[in-house]
S.K.: 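What follows is a single structure, and I will ask about it in a moment.
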Amino acid sequence: MKKLLTLVLAFALMMSAFVVTAEAAISVTGKVTEIEKYGHALLDVTIEDFTNLGFTLGDVVTVKAGAYEGDMPYFNGYYVNNGEYMVRAYPGHTCIAVCINYGKFAETAGIGIGDEVTITLKEKGGQLFTQEMSSLVYTNEPADYKDEATFANFREVKVTGIAAGKLYRCASPINNENNRAAVANSLVETAGIASVMNMADTAEEIAEYAGAEDFASEYYKKLYDEGNVIVLAMPVNFASAEFASGIVNGLTFLSTQKAPYLVHCTEGKDRAGFASMLIEALMGATQEEIIADYMMSYENYYGVDAVEETEKYNMIVEKNAIEMLKVIAGVEDAAALETADLSKGAESYLLNNGMAQEAIDALKANLK
């Protein structure tokens, strides 16, 4: 009996060792090839190779990089909350990246180009439900959209407090990485846009876009050359002091400029979404109006139905729109938004981050 027990224990230990070895085999170490503009660490591990090793979207993995070690999901989009970690396999990209949603992973981990990052499978399909519910993929082909405005995510902002023909938003009319610049530029020209708040680019990048072979944004470039475009090169972390400083600089600039105004980033979705929310709240729009305008970008890009308010729709509202509104209103809890004075919250946000009252009053007067 004792001998049998010993054999059973030995077998159990052997199987345990096998499991650990099998799990450890689903692991890869790559090197950082680029620190992306918004702080994500791009690796030399291709999405194809990562998949061939056995990793699939929705898995939970353990990442070791510099001073950081922790677990995170593997997604093809930013489906985690503000400040949370993920490994990204972005559609159309070649390699994976380690990211913080609205944060800078490379800075947090203390890593740079050439440093090693190890990713090991922790739980197969542990976040598969979130991946499947949140999976959002768009194409860069105009024929896949119902019209040019939808393709360029272009629209006039129509909410309480803002006069007709005063404020517009869209994807970038100058950066053609998503094949939208020419279409967006044409719509901007047709709308007679006079002043632009560019939240994404630097002056150097504008020059680079203008020198590209596919450049077709003459109207936008004319506005820029005449001093009617402010470039802010803002981060994506809307809760950061750097972001707030950029917003204040941009809106102070617009307060001295003629309308119609255009607010844009690269996709015209999140940074431009926050700026639009802030302006809408300042001007007295309701929470329902603000959320509806924000979610129009998700309908334009991904076909997320705002009418039926599907589970996917509600998830995006909760993870993105509500989090932005909390920052604007200066509240910690989403429930507090129901009774918050969004207009006062927006004004306090601007004042607290350095915008002069005179500039706020001028901006409001220009938009009424």
S.K.: Examine the side chains of E148 and S186 and answer whether a donor and an acceptor come within less than 3.5 Å of each other.
M.R.: no
S.K.: Any donor-acceptor pair under 3.5 Å linking the side-chain atoms of R88 with those of Y78?
M.R.: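 On atom types as modelled, these side chains qualify, holding a pair under 3.5 Å.
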S.K.: With a 3.5 Å distance limit and no angle check, can you tell me whether D147 reaches the backbone of T150 through a side-chain donor-acceptor pair?
M.R.: yes
S.K.: Please tell me if the side chains of I322 and Q287 come closer than 4.5 Å, counting only heavy atoms from C-beta onward.
M.R.: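 Side chain of I322 against side chain of Q287, heavy atoms only: contact under 4.5 Å found.
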S.K.: By the side chain to side chain donor-acceptor pair (under 3.5 Å) test, which pairs, at least two apart or in different chains, include something from residues 97-119?
M.R.: T29-T118
S.K.: Report yes if the side chains of I279 and I162 come closer than 4.5 Å at any heavy-atom pair, otherwise no.
M.R.: yes
S.K.: Given the ring of Y145, does R180 sit roughly above its face, with NZ or CZ under 6.0 Å from the centre of the six-membered ring and within 45° of the axis?
M.R.: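 Yes, a cation-pi geometry holds between R180 and Y145.
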S.K.: Using the side chain to side chain contact (heavy atoms under 4.5 Å, CB included) rule, take M295 and V317 through it: C-alpha gap first, then chi angles, then the decisive distance, then the call.
M.R.: CA-CA 8 Å; M295 289 302 295; V317 169; 3.8 Å; yes
S.K.: How far apart are the closest heavy atoms of P235 and F243, and which atoms are they?
M.R.: O-CD1, 3.2 Å
S.K.: Do D44 side-chain atoms and K31 backbone N/O form a donor-acceptor pair below 3.5 Å?
M.R.: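 Yes; at least one donor-acceptor contact below 3.5 Å.
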S.K.: Apply side chain to side chain contact (heavy atoms under 4.5 Å, CB included) to C170 and V188, showing your working.
M.R.: CA-CA 9 Å; C170 70; V188 164; 4.2 Å; yes
S.K.: Please answer whether the main-chain N or O of N140 pairs with a side-chain N or O of N178 as donor and acceptor at a distance below 3.5 Å.
M.R.: no
S.K.: Knowing that exactly one of V231, L232, V229 qualifies, which makes a side chain to side chain contact (heavy atoms under 4.5 Å, CB included) with M197?
M.R.: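 Checked V231, L232, V229 against M197; only one passes side chain to side chain contact (heavy atoms under 4.5 Å, CB included): L232.
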S.K.: Any luck finding a side-chain donor-acceptor pair between N228 and Q257 under 3.5 Å?
M.R.: yes
S.K.: May I ask you to check whether T130 and Q127 show a side-chain donor-acceptor distance below 3.5 Å?
M.R.: yes
S.K.: For Y294 and G273, which heavy atoms make the closest approach, and how far apart are they?
M.R.: CD1-CA, 4.1 Å
S.K.: Can you establish whether the number of heavy atoms outside E36 located under 6.0 Å from its atom CD is more than 12?
M.R.: yes
S.K.: Between H40 and Y90, is any side-chain donor less than 3.5 angstrom from a side-chain acceptor?
M.R.: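 No, no side-chain donor-acceptor contact under 3.5 Å.
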S.K.: Out of curiosity, S297 OG to R169 CZ, how far, rounded to the nearest 0.5 Å?
M.R.: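 That separation rounds to 4.0 Å.
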S.K.: Carefully, step by step, assess T310 and D305 under the rule side-chain hydrogen bond (donor to acceptor under 3.5 Å, both in side chains).
M.R.: CA-CA 7 Å; T310 60; D305 191 348; over 6 Å; no
S.K.: I'd like to know whether F154 forms a ring pair (Phe, Tyr, Trp, His ring centres under 6.0 Å) with H264, so could you lay out the CA-CA distance, the side-chain angles of the two residues, the decisive distance to 0.1 Å, and finally the verdict.
M.R.: CA-CA 10 Å; F154 178 91; H264 79 85; over 10 Å; no
S.K.: First locate atom CG of N320, then atom CE of M315, and finally report the distance between them rounded to the nearest 0.5 Å.
M.R.: 11.0 Å
S.K.: So which atom in I26 and which in L53 form the shortest heavy-atom distance, rounded to 0.1 Å?
M.R.: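 Heavy atoms of I26 and L53 come nearest at CG2-O, 3.9 Å.
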S.K.: Do D293 and K158 meet the salt-bridge criterion of a basic N to acidic O distance under 4.0 Å?
M.R.: no
S.K.: Please confirm whether Y209 and F215 have ring centers closer than 6.0 angstrom.
M.R.: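 No, they do not, as the ring centres are separated by 6.0 Å or more.
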S.K.: Taking atom types as modelled and ignoring hydrogens, do the side chains of N249 and T252 form a donor-acceptor contact shorter than 3.5 angstrom?
M.R.: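 No, because no side-chain N or O of N249 sits under 3.5 Å from a partner of the opposite role on T252.
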S.K.: Treating N237 as the side-chain partner and G103 as the backbone partner, does any N or O pair qualify as donor plus acceptor under 3.5 Å?
M.R.: no
S.K.: Starting at NZ of K368, measure out to CG of L363 and round the result to the nearest 0.5 Å.
M.R.: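 It is 11.0 Å, given to the nearest 0.5 Å.
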S.K.: Hey, can you tell me if F105 and Y85 have their rings parallel, tilted or perpendicular (30° and 60° cut-offs)?
M.R.: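 Perpendicular: the ring planes of F105 and Y85 meet at over 60°.
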S.K.: Can you name the residues that form a side chain to side chain donor-acceptor pair (under 3.5 Å) with K37, not counting sequence neighbours?
M.R.: E205
S.K.: With the threshold set at 4.0 Å, does a side-chain nitrogen-carboxylate oxygen contact exist between D59 and K124?
M.R.: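 Yes, D59 and K124 are salt-bridged.
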S.K.: Is the count of non-hydrogen atoms from other residues, nucleotides or ligands lying under 6.0 Å from E34 atom CD greater than 12?
M.R.: yes
S.K.: Are the side chain of T46 and the backbone N or O of T94 linked by a donor-acceptor pair below 3.5 Å?
M.R.: no
S.K.: Tell me, with the steps shown, if I193 and V196 meet side chain to side chain contact (heavy atoms under 4.5 Å, CB included).
M.R.: CA-CA 8 Å; I193 296 299; V196 180; 3.9 Å; yes
S.K.: Do K221 and E218 meet the salt-bridge criterion of a basic N to acidic O distance under 4.0 Å?
M.R.: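 Not counted as a salt bridge, because no side-chain N and carboxylate O are separated by less than 4.0 Å.
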S.K.: Could you pull out the closest heavy-atom pair between G30 and V45, with the gap in Å?
M.R.: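 What the structure gives for the nearest pair is CA-CG2, 3.8 Å.
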S.K.: Does either side chain, that of Q131 or that of N76, offer a donor lying less than 3.5 Å from an acceptor on the other one?
M.R.: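 Note: Q131 and N76 side chains meet the donor-acceptor criterion.
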S.K.: Quick one: does Y79's side chain have a donor or acceptor within less than 3.5 Å of a partner on P73's backbone?
M.R.: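 Judged by distance alone, no pair lies under 3.5 Å.
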S.K.: Answer with yes or no whether the side chains of Y138 and D144 bring together a donor and an acceptor at under 3.5 Å.
M.R.: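 No.
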S.K.: Are T33 and I113 packed together at the side-chain level, in the sense that at least one heavy-atom pair is separated by less than 4.5 angstrom?
M.R.: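 No, too far: nothing below the 4.5 Å cut-off.
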S.K.: Rounded to the nearest 0.5 Å, what's the gap from CD on E280 to CG on L278? Could you check?
M.R.: 9.5 Å
S.K.: Determine whether more than 12 heavy atoms belonging to other residues, nucleotides or ligands lie under 6.0 Å from atom CD of Q357.
M.R.: yes
S.K.: Is there a donor-acceptor pair under 3.5 Å between the side chain of K64 and the backbone N or O of G70?
M.R.: no
S.K.: Are N366 and K166 close enough, and set up right, to give a side chain to side chain contact (heavy atoms under 4.5 Å, CB included), and what steps lead you there?
M.R.: CA-CA 8 Å; N366 292 346; K166 292 287 188 178; 5.9 Å; no
S.K.: Can you name the closest pair of heavy atoms from T266 and A200 and give their distance?
M.R.: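 Smallest interatomic distance, heavy atoms only, reads OG1-CB, 3.6 Å.
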S.K.: Please state whether the rings of Y74 and F55 are parallel, tilted or perpendicular, taking 30° and 60° as the class boundaries.
M.R.: perpendicular
S.K.: Any non-hydrogen side-chain atom of V137 less than 4.5 Å from a side-chain atom of P91?
M.R.: yes
S.K.: For residues E289 and T160, determine if any side-chain heavy atom of one lies less than 4.5 Å from a side-chain heavy atom of the other.
M.R.: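 Side chain of E289 against side chain of T160, heavy atoms only: contact under 4.5 Å found.
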S.K.: Between S27 and I119 (side chain of the first, backbone of the second, donor and acceptor by atom type, cut-off under 3.5 Å), is there such a pair?
M.R.: yes
S.K.: How long is the gap from OG on S172 to CD1 on I206, to the nearest 0.5 Å?
M.R.: 7.0 Å
S.K.: Looking only at atom types and distance, does a side-chain atom of S276 sit under 3.5 Å from a main-chain N or O of A272, one as donor and one as acceptor?
M.R.: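 Confirmed, S276 side chain pairs with A272 backbone.
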S.K.: Under the criterion side chain to side chain contact (heavy atoms under 4.5 Å, CB included), which of D201, N198, I247 is the partner of M234?
M.R.: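 In the set D201, N198, I247, the residue that makes a side chain to side chain contact (heavy atoms under 4.5 Å, CB included) with M234 is I247.
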S.K.: Is any side-chain heavy atom of L254 closer than 4.5 Å to one of L251?
M.R.: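 Contact flag for L251/L254 side chains = yes.
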S.K.: Does the pair K344 and E347 meet the rule for a salt bridge (charged side-chain N to carboxylate O under 4.0 Å, His left out), with working shown?
M.R.: CA-CA 5 Å; K344 286 185 178 179; E347 186 156 329; over 6 Å; no
S.K.: Check for me whether R271 meets the cation-pi criterion with F274, that is, NZ or CZ under 6.0 Å from the six-membered ring centre and within 45 degrees of the ring axis.
M.R.: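 Not flagged: R271 not positioned over aromatic ring of F274.
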S.K.: What closest approach, in Å, do I35 and A106 show between heavy atoms, and which atom pair accounts for it?
M.R.: CD1-CB, 3.5 Å
